[in-house]
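Below: one structure, written as structure tokens.
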Amino acid sequence: MSTAAAKSGQTAFGHILYVLKDNPVTLIAFFMFAVLIAMAVVGPSLVPYDPLASEAAVALQPPSWAHWFGTDSLGRDVFSRVIVATRLDLTISVAAVALSFVAGSVLGGLAGYYGGWLDAGLSRILDTIMAFPLFVLAMGIVAALGNSVENIIYATAIINLPFYARLVRAEVNTRREAGFALAAKLSGNRDLSVLALHIFPNALPPMMVQVSLNLGWAILNAAGLSFIGLGVRPPTAEWGIMVAEGANFIVSGEWWLALFPGLFLVIAVFTFNLLGDGLRDIVDPRRRT
Amino acid sequence: MLAIDNLRIGFRTRNGHVEAVKGISLAVGSGETMGIVGESGSGKSVTAYALLRILDAGGRIEAGTCVYSGIDLAHAPERQMADVRGREISMIFQNPRAALNPIRKVGHQIEDVLVRHNRAGRNNARSKAIAAMEAVKIRDAAARYHAYPFELSGGMCQRIVIALALACDPRLLIADEPTTGLDITTQKAVMDLVAALIRERGMSSILITHDLGLAAQYCDKITVMKDGVVVETGDAVDVFARPQHAYTRRLVDATPREGATVRSLLPAEARGPDPAYTVRDTALLRVQNLEKTFAGKSGPVHAVKGISFRVRDGETLGLVGESGCGKSTTSAMVVRLADPTSGKILFDGEDIGAVPAKSFARDKRRGKIQMVFQDATDSLNPRHAAGRAIEEPLRRLTDLSARARRDRVAELADLVGLPLHLIDRFPHQLSGGQKARVGIARALGTDPRFLILDEPTAALDVSIQAVVLNLLADLRARLGISYLFVSHDLQVVRLLCDRVVVMRAGEIVEEGEADQVMHAPSHPYTAELIAAAPHPPTLKS
């Protein structure tokens, strides 16, 4: 068994390498993703300054060798704050996307497989969610529950849920009567294991595209909430708040306060959007030759 | 009229350059029907697409000429091709439903073609479209004019496609597997119609098919293709009766026909005596007054109307009928994927119909009744390698350890003749025949006593069909399994079955010994089925 596992691991790894080599854009996206992850994991212990320590003497200084991205109105180092914020922003987006992925898969899978009143009921509820302007809905949820990191995650997860549920529902529905699903039943699988082990994995390739796009949206959403004051509270380092705070200073010429966190936001969203096709190719065995 | 000279077509793929057609030459005379025969991958469809210059992306005509009344189709400018398509040369596609625009009324689709080629103006397009529909014998054409493709049957859709193809009186008609997927009686009606129209209008035509019987019956000349090369050309009667090339001979051998045995389908050097098996006179499966009613939009639909039959231990029973006759519903109920509305399914004396299909997955008799599915591609999970697919029933229905399961998978692969190195491959990396073997191996894993074969060879080339049918015959002899062979093709059924049940509209119309049903059918419907099947050519040597 161990040799078989090792062998399949090898081929899976080989397949990932192949996908990366095949498409340079995917390679760049994965490299940038790795850099973001590294920033989130080791960034806080490597940054030159404490992101929360204010030093009035050096307030609002433009970028220099000592402060690469300049300093803000309290004299905090913008570079340190931008790097440290990576962890929080990635956590929010990954957690929110993971929640909506799991919940959406379960709901969409059940609705697509069983159909009937379950499908009708779930679909109407999801339609109701989608009827709201999503960002306004997220604002409402956070405003009602209070603005903590968990609540931002829940709000982001809820507004993304319908996209996953609908996608899974459609993918499961078209395969419900497929030969391999019937064959799985004949092999002794109960309905739920046919759904979970045989039909659902086939929905993964399009799901991966959705996941990567959604990671970008989730970051923007979290930053947006912070921007309008409904997200993470100051003085926590977070890209959205930093852009919001920095926006006040742009008129007076201190452009670096908003530019650098905004730039990292753009880079992160860009990376996630590029990641999609590569992730899809990796989870799709039909891409193997 | 059409002369193809040294045509080469290549495709750019992920694995580099592939040459699909390797320098073929053929000529179609005026008023002549040329049949292009070959198995999948022989390049016959690609050749047709090249003539109309509608090759897939990545495909390119690399050399050669196709001269049609003075125009070289391989090099003509696109503007000229647009006029040629439809007006001079038109095509009937393989899948009529896919060839029609699903959201446009069929009458409007015919009008589009007429208007495009200036055959009709705004005022008379409608009447001309209806006339075109009447020409293909569509009854009540004025009402059908407003139908959408999904409202029409497969045969009716194909008539619309033919009407589209013939609307502008082309001089050359290309029919690419025009009747694949149609019932045998519909196939005959459609082919007779096409043949009559061709004769009436003095057109030339090219019929692309894998069915030797069809080609022999409707063509004047035959070209046999294999792997992008023409292996033989000649008169329709001669090519099959006195094949010059070994490949043609193998094709003729592999086509099920009157008087053939399952072994005689194989190439001469692989033949042996037909495997012997014994049938005991005890009923293994007894179906009594089985009934299935679905709730349809306009009242209940009686798919199966109280049928009874039995399968003896070791016997093979054929279940024959056209689409919609209830044979698939019956097999789904017997294999316990669907619940009967009423009636009994006695397996070895016990009523398995009483156990709901939902919970039968965990029943101890689950492993004893298995099924081989119609479409091997569709029945294998695209995410599971072949070995995993074969292992699945062992995992769920037996207590074997991981090691024992692996040994059993190897044993099963060996039993069905699947090379061991292929079990790590995914379905898309296997050929049609290999996928069929995986499906059979999976069904055999739990030592079933009863196997339902749902058109197991319908999607396969004839030479592979011959091999799979022989494999099934060998397995029956070795393992003593009973089969329920569900099929629309009496000639194939006859090869394996002891007895045959013919179904129509949810009822059994005839039951009897296979040879008796084939030679002296007692019901007119059975006689009609037998007559509608094209008669495959036989060797004269």
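It should be emphasised that the depicted structure is a prediction, and the values quoted were computed from it without experimental measurement. In the text below, chain A, chain B and the rest are named by the order of the sequence lines, each starting its count at 1. Computed from heavy atoms alone, side chains included, the values below leave out hydrogens, waters and symmetry copies.
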**OP:** Step by step, work out the side-chain contact (heavy atoms from CB on, under 4.5 Å) result for A/M130 and A/R166.
**Re:** CA-CA 11 Å; A/M130 292 190 79; A/R166 284 185 164 193; 3.6 Å; yes
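When the heavy atoms of residues 103-124 of chain A are compared with those of chain B, the residues falling under 4.5 Å are A/Y114, listed by number. Heavy-atom neighbours of chain A within the stretch residues 327-340 of chain B, taken at a separation under 4.5 angstrom, comprise B/V335, B/L337.
Around the CD1 atom of B/I103, the shell of radius 6.0 Å holds no more than 12 heavy atoms that belong to other residues, nucleotides or ligands. Counting heavy-atom neighbours within 6.0 Å of B/R408 CZ, excluding the residue itself, gives a total above 12.
Among A/S193, A/A184, A/P201, the residue with the largest count of heavy-atom pairs under 4.5 Å with chain B is A/P201. The residue among B/L397, B/N381, B/I369 with the most heavy atom pairs within less than 4.5 Å of chain A is B/N381. Between chain B and the options A/V194, A/V283, A/I199, heavy-atom pairs under 4.5 Å are most frequent for A/V283.
Side-chain contact of B/H384 with B/E392: a donor-acceptor pair under 3.5 Å is absent, judged by distance alone. A side-chain donor from one of B/T316 and B/R476 sits under 3.5 Å from a side-chain acceptor of the other. Checked by atom type, the side-chain pair B/K435/B/T377 shows a donor-acceptor distance below 3.5 Å.
Between B/F426 and B/H428, the angle of the ring planes stays under 30°, which puts this pair in the parallel group of the 30/60° scheme. Between A/Y164 and A/F101, the two ring planes are perpendicular [angle over 60°; tilted spans 30° to 60°].
The parts of A/N202 that come within reach of chain B are both its backbone and its side chain, each placing non-hydrogen atoms under 4.5 angstrom from that chain. Using a 4.5 Å cut-off between heavy atoms, B/R362 touches chain A through its side chain atoms alone. Looking at A/L204, the atoms closer than 4.5 Å to chain B (heavy atoms on both sides) all sit in the side chain, from C-beta outward. In this structure, no portion of B/D375 lies under 4.5 Å from any heavy atom of chain A.
For the pair B/R365 and B/E350, the salt-bridge criterion is met [side-chain N within less than 4.0 Å of a carboxylate O].
Separation of the A/F163 and A/W217 ring centroids falls under the 6.0 Å cut-off.
When side chains are defined from C-beta on, B/D56 counts as touching B/F11, because their heavy atoms get closer than 4.5 Å.
Residue A/T86 forms a side chain to side chain contact (heavy atoms under 4.5 Å, CB included) with just one option from A/V35, A/T91, A/L36, and that option is A/L36.
Not a single donor-acceptor pair under 3.5 Å links the side chain of B/D454 to the backbone N or O of B/V486.
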